[in-house]
Protein chains: 2
Amino acid sequence: MFTFAADNMTTEDKIKKTALTLFLEKGFERTSIREIARRAKINIALLNYYFRSKENLFNSIFSSLLGKYTPELNSILSSPLPLEEKIKLYVEEYIDILLKNPRLTYFVLSVLHRNPDKITKMKIFQSLYNTGNFSTQFYDEVRKGNIKDVDPTQFFINMLSLITFPFTIKQVIMEKNKMSEDTFKQFMHERKQVITEMLILTIKK
Amino acid sequence: MFTFAADNMTTEDKIKKTALTLFLEKGFERTSIREIARRAKINIALLNYYFRSKENLFNSIFSSLLGKYTPELNSILSSPLPLEEKIKLYVEEYIDILLKNPRLTYFVLSVLHRNPDKITKMKIFQSLYNTGNFSTQFYDEVRKGNIKDVDPTQFFINMLSLITFPFTIKQVIMEKNKMSEDTFKQFMHERKQVITEMLILTIKK
DNA sequence: GTCTATAACGGGATAGAC
DNA sequence: GTCTATCCCGTTATAGAC
């Protein structure tokens with residue numbers, strides 16, 4: 001039985017690291033705290049000493065995970081760059097993040113569907129779908145006549161869909177197109193340009 | 001406690017109908033056969049008499065559900081229609097299906113992630129991502145010089161992403177844009193045209 | 001086919017010693 | 001902080017009567 005955590009980590013970090021791997025791999029329900037404890041080489045009592053409950057442990061992990069990536073993405077969206085530049089950077093950065101964490105999208109979706117009510121309460125979701133400055137800029141460009149009159153909401157959802165969805169069906173894509181892990185990565189790298197061009201095409205006059 | 005099934009249905013159908021509603025709403029793991037039995041007004045033993053196990057019940061439901069919708073979609077893709085017409089019809093039909101079953105996309109994704117290995121074995125998945133004839137036609141049009149030289153795989157994934165992904169984050173979209181159920185439906189109807197135009201734009205010379 | 005009762009197990013959480 | 005032992009619960013599944 002191999003473990004995910006090095007021995008020189010603090011107990012708390014060992015638990016979090018092990019739990020994250022298992023949650024990503026098997027989802028919340030199918031991951032038992034017994035297995036987390038076993039793999040982290042501690043016992044259940046200790047896990048509950050640090051996190052009080054499985055749910056708590058999960059929330060703690062979930063927040064740190066998203067907190068790690070959303071700031072970069074949001075800083076792109078709220079930067080003073082021109083629209084096209086922004087789109088290009090956002091697509092590239094987002095895909096790079098997901099290439100490093102292919103299960104992240106489904107992970108977030110599963111949280112969304114497990115806690116359909118808590119969405120508003122969880123601040124972290126706000127940052128995942130943050131169009132504030134972007135929409136304003138979009139409207140400005142439309143008003144100035146620089147781009148086509150496209151609904152920013154539709155546009156933003158197009159962008160999100162094109163970037164993230166392929167990762168949720170990664171297995172199917174690989175299977176159907178006989179791709180290896182490396183081929184899939186290559187495919188997603190090529191996709192950066194495909195998506196960017198596509199998005200810009202829809203707004204260019 | 002209300003139930004999902006009418007009294008004049010056969011016991012087997014009552015179970016399937018009730019189970020489907022619960023699986024869609026709460027997912028496989030969080031749905032207990034106790035609750036299915038309670039809502040279907042039968043007892044657990046009877047459920048296991050008909051389906052032998054929860055897993056079995058699920059598979060049975062899953063196959064019937066997908067079998068209900070995939071034929072229409074595939075018949076569009078393999079029809080002798082011109083490419084643009086095909087795309088338009090596919091987008092419209094798919095969105096209409098998902099408007100009637102908003103949870104369907106996530107449902108399929110959850111199966112995908114719960115049984116990452118079984119994908120190939122389950123024939124039903126084949127039909128969900130079936131590009132056979134479509135890809136051929138696509139290549140033909142490229143060869144004839146009628147459309148741009150675009151990778152059919154990228155194109156098909158674009159199409160799938162744009163159609164299905166919004167339904168997996170329906171709650172977030174509604175929340176963020178202060179939409180009601182009806183507004184969301186309206187939004188998705190408008191989306192048919194948005195997506196179709198977008199896709200055609202990317203291949204038109 | 002349908003029921004009651006119960007087996008057999010695994011889950012999360014906690015008490016209390018060290 | 002860390003452990004062992006245990007509680008209590010819900011889960012799926014089955015045996016056996018009707």
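Order of the sequence lines sets the chain letters (A, B, ...), proteins ahead of strands, with each chain counted from 1. This is a predicted model, so every value here is computed, not measured.
With hydrogens and angles left out, the side chain of A/R34 and the base of C/dG12 share a donor-acceptor pair within 3.5 Å.
The environment of B/K204 atom NZ is sparse: at most 12 non-hydrogen atoms of other residues, nucleotides or ligands sit within 6.0 angstrom.
Using a 30° and 60° split on the angle between ring planes, B/F184 and B/F167 fall in the perpendicular class, above 60°. Between A/F156 and A/Y90, the ring planes are tilted. Angles from 30° to 60° get that label.
Using a 4.0 Å cut-off, some side-chain N or O of B/S32 falls inside it from OP1 or OP2 of D/dT11. A sub-4.0 Å separation between OP1 or OP2 of D/dG1 and a side-chain N or O of A/T11 is absent.
Residues forming a salt bridge (charged side-chain N to carboxylate O under 4.0 Å, His left out) with B/E93 (at least two apart in sequence, or on another chain): none. Applying the salt bridge (charged side-chain N to carboxylate O under 4.0 Å, His left out) rule to B/K192 yields the partners B/D96; only residues at least two apart in sequence or on another chain are considered.
Protein atom CG of A/N56 is 14 Å distant from nucleotide atom P of C/dG12, rounded to whole Å. Rounded to an integer number of Å, the gap from CD1 of B/I33 to C1' of C/dT6 is 14 Å. As rounded to whole Å, 13 Å separates atom P of C/dG1 from atom CG of B/D13. Whole-Å rounding puts the B/E29 CD to D/dT12 C1' distance at 14 Å. Atom pair A/E35:CD and C/dG12:P shows a separation of 10 Å (rounding to whole Å applied). Atom-to-atom, CZ of B/F58 to P of D/dT12 comes out at 14 Å; the value is rounded to the nearest Å. Regarding B/I15, its CD1 atom lies at a distance of 14 Å from the P atom of D/dT12, rounded to whole Å. Whole-Å rounding puts the B/I36 CD1 to D/dG10 C1' distance at 15 Å.
The residues A/K88 and A/E92 are annotated as salt-bridged, a charged nitrogen and a carboxylate oxygen being separated by less than 4.0 angstrom.
Shown for residues 42-53 of chain A: residues whose heavy atoms fall under 4.0 angstrom of DNA chain D, namely A/N43, A/A45, A/L46, A/Y49, A/Y50.
Taking the six-membered ring for Trp and the full ring otherwise, the centers of B/F51 and B/F58 sit at least 6.0 Å from each other.
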